[in-house]
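Worksheet: one structure, shown below.
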Amino acid sequence: MSAILMKNITKVYRSGFFKENIVQALNDFSIRVAPGQVFGVLGPNGAGKSTAIKILLGLIYPTSGIAYVFDKDVADWRARNSIGYVPEHPMLYGYLTGWEFLSLSSRLHSLPSKERKKRIAEVLEWVEMSKASRMLIRQYSKGMMQRIVLAQALVSQPQLLILDEPTSGLDPIGRVKIREIIQREKRKNTTILFCTHIISDAEMLCDELVVLANGSVVCSGSLNALLSSNSSRQTVCFSGVEQAQLSSSPVPCELLAEKNDILEVSVEEKNSSSFLAFLLSKKADIKKLEPSVQNLEAVFFKAVLGDKSVHEKQ
């Protein structure tokens, strides 16, 4: 069973008096999310992330393709029983207190009255909003607003948590708090769909992700696979050769670390064979050869802009 299955989703909007203007928000978009996984959808503003979420929530329908949540068609209202949702721009009832808002949310989810008070107190403590729960929502800061919205998504104990830019616009402390809550849910085996344009958050939280650009998937896979497969360098670990001898290497190399007479060196992938031949000629003991791991920002720029040098020049 998949927590989320979206297959060949295309969404086309038409505008203008005669509906002559066509905007393709998603183009052949496909993802499969396993239960308990934190799955990231990373992309710049306007890439199609929010459109994908709206289709999952049944707020809009795809032009073509299929979408399921825990094997239920998203057109079936019962598919949404298992979902907690944090929108990018929450519009809340400012005249309610945080407690009243969560009480309303728990009633909408048909939470039994005997469990309601205990559950609300529990999620308020998780998001560190217990003391502010009796304040009016219109008095909340941006960070407090994000945390109370996350609390309402958690109050129903969802199997699937959908987060649309949950850390956008927050200060560093607010972002850390939201990330801690997401990591707590991850440890509880909640499935999380995390849509963001903040690369560092995706790198820190996601098990697997797709990168979206102009409505299309430009790369996808596990975080480790993406960081390795997009590298054009190799890391070599060896002993038996002194650092001073590297100056006679026939190809450029970069010393990364030296520990217990073991050197760790980075070389361009195209030069790795020549460098290995050089090491063998020096009777080196080669301990490891693997693709160099780069950060997600480099992968993102290469995938979206098609030019790794854009990142390197920054």
Side-chain angles (χ1 to χ4, degrees), residues 41 45-46 49-61 69 74 76-185 188 190-198 201 205:
V41 181
N45 292 330
K49 304 185 298 295
S50 295
T51 298
I53 286 177
K54 290 175 183 177
I55 290 172
L56 279 177
L57 295 173
L59 299 176
I60 60 175
Y61 294 100
V69 172
V74 293
D76 184 344
W77 64 269
R78 290 172 295 183
R80 294 185 283 282
N81 283 346
S82 59
I83 298 176
Y85 171 50
V86 175
E88 180 180 5
H89 302 295
M91 302 293 289
L92 307 184
Y93 301 107
Y95 54 84
L96 295 180
T97 66
W99 184 281
E100 290 168 341
F101 175 57
L102 294 186
S103 179
L104 173 62
S105 299
S106 63
R107 289 170 184 269
L108 291 173
H109 281 283
S110 302
L111 199 69
S113 57
K114 292 181 180 179
E115 299 178 20
R116 196 175 299 143
K117 188 174 181 180
K118 179 182 177 182
R119 181 64 181 171
I120 292 172
E122 188 176 44
V123 296
L124 282 170
E125 185 177 348
W126 288 349
V127 301
E128 300 183 6
M129 286 289 289
S130 298
K131 293 181 179 179
S133 64
R134 302 300 179 180
M135 290 173 56
L136 294 177
I137 288 176
R138 65 168 171 259
Q139 297 173 313
Y140 284 176
S141 66
K142 171 72 172 177
M144 294 167 72
M145 189 86 72
Q146 286 292 86
R147 279 185 273 167
I148 202 69
V149 172
L150 187 52
Q152 68 79 28
L154 296 172
V155 76
S156 63
Q157 296 179 294
Q159 294 175 272
L160 170 62
L161 193 57
I162 298 179
L163 309 175
D164 190 5
E165 306 284 2
T167 60
S168 180
L170 297 182
D171 60 29
I173 294 175
R175 286 177 58 194
V176 168
K177 294 294 183 185
I178 296 296
R179 288 201 301 259
E180 287 175 351
I181 295 165
I182 294 171
Q183 288 167 336
R184 182 188 297 123
E185 286 301 302
K188 290 168 58 181
T190 304
T191 306
I192 300 172
L193 183 69
F194 181 58
C195 297
T196 184
H197 66 273
I198 302 176
D201 288 345
L205 296 168

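By convention here, the first residue in the shown sequence is residue 1.
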What pair of heavy atoms forms the shortest contact from Pro158 to Ala153, and how long is it?
CG-O, 3.2 Å

With a 4.5 Å cut-off on side-chain heavy atoms, are Leu111 and Ile120 touching?
no

Which atom pair, heavy atoms only, marks the closest approach of Ala151 to Val123?
O-CG2, 4.0 Å

Whether Arg147 side chain and Gly174 backbone form a donor-acceptor pair below 3.5 Å
no

Could you report the tightest heavy-atom contact between Ala79 and Val69, atom names first, then the distance?
O-CG1, 3.9 Å

I'd like to know if the side chain of Arg119 and the backbone of Val155 have a donor-acceptor N/O pair within less than 3.5 Å.
yes

Is the shortest side-chain heavy-atom distance between Ile181 and Leu154 below 4.5 Å?
yes

How many angstroms lie between atom NZ of Lys188 and atom CD of Glu185, to the nearest 0.5 angstrom?
4.0 Å

What's the shortest heavy-atom distance between Val149 and Pro90, and which atoms?
CG2-CB, 3.6 Å

Please determine which of Leu161, Val74, Leu160 meets the side-chain contact (heavy atoms from CB on, under 4.5 Å) test together with Ile83.
Leu160

What's the separation between atom CE in Met135 and atom CG in Leu96, rounded to the nearest 0.5 Å?
14.0 Å

Approximate separation, where rounding is to 0.5 Å, of Ser106 OG and Gln157 CD:
11.5 Å

Using distance alone, with no hydrogens and no angle criterion, decide if Asp201 and Thr167 have a side-chain donor and acceptor under 3.5 Å apart.
yes

With rounding to the nearest 0.5 angstrom, report the OG1 to CD1 distance, Thr196 to Ile198.
4.5 Å

Distance-only, no hydrogens or angles: does the Gln146 side chain make a donor-acceptor pair with backbone N or O of Pro166 under 3.5 Å?
yes

Restricting to non-hydrogen atoms, name the atom on Ala121 and the atom on Ser130 that form the minimum distance, rounded to 0.1 Å.
O-OG, 4.5 Å

In the structure I gave you, are the side-chain heavy atoms of Leu102 and Ile148 within less than 4.5 Å of one another anywhere?
yes

Taking the side chain as everything from C-beta on, heavy atoms only, tell me whether Tyr140 gets closer than 4.5 Å to Leu92.
no

For a quick test of reading the model, state the closest non-hydrogen atom pair linking Cys195 to Ile53 and the distance between them.
SG-CD1, 3.5 Å

Check this for me: Lys117, atom NZ, are more than 12 non-hydrogen atoms of other residues, nucleotides or ligands nearer than 6.0 Å?
no

Counting N and O atoms only, with roles assigned by atom type, does the side chain of Glu165 sit under 3.5 Å from a partner on the main chain of His197, one being a donor and the other an acceptor?
yes

Once rounded to the nearest 0.5 Å, what's the spacing between atom CG of Asn81 and atom CG of Asp76?
8.5 Å

Do the non-hydrogen side-chain atoms of Leu150 and Trp126 ever get within less than 4.5 Å of each other?
no

Gln139 side chain vs Leu136 backbone, donor-acceptor pair below 3.5 Å
yes

Value for CH2 (Trp99) from OG (Ser103), rounded to nearest 0.5 Å, stands at 8.0 Å

Short side-chain to backbone donor-acceptor contact, Tyr85 and Arg80, under 3.5 Å
no

Got Lys49 and Glu88 here, is their nearest side-chain heavy-atom distance under 4.5 Å?
no

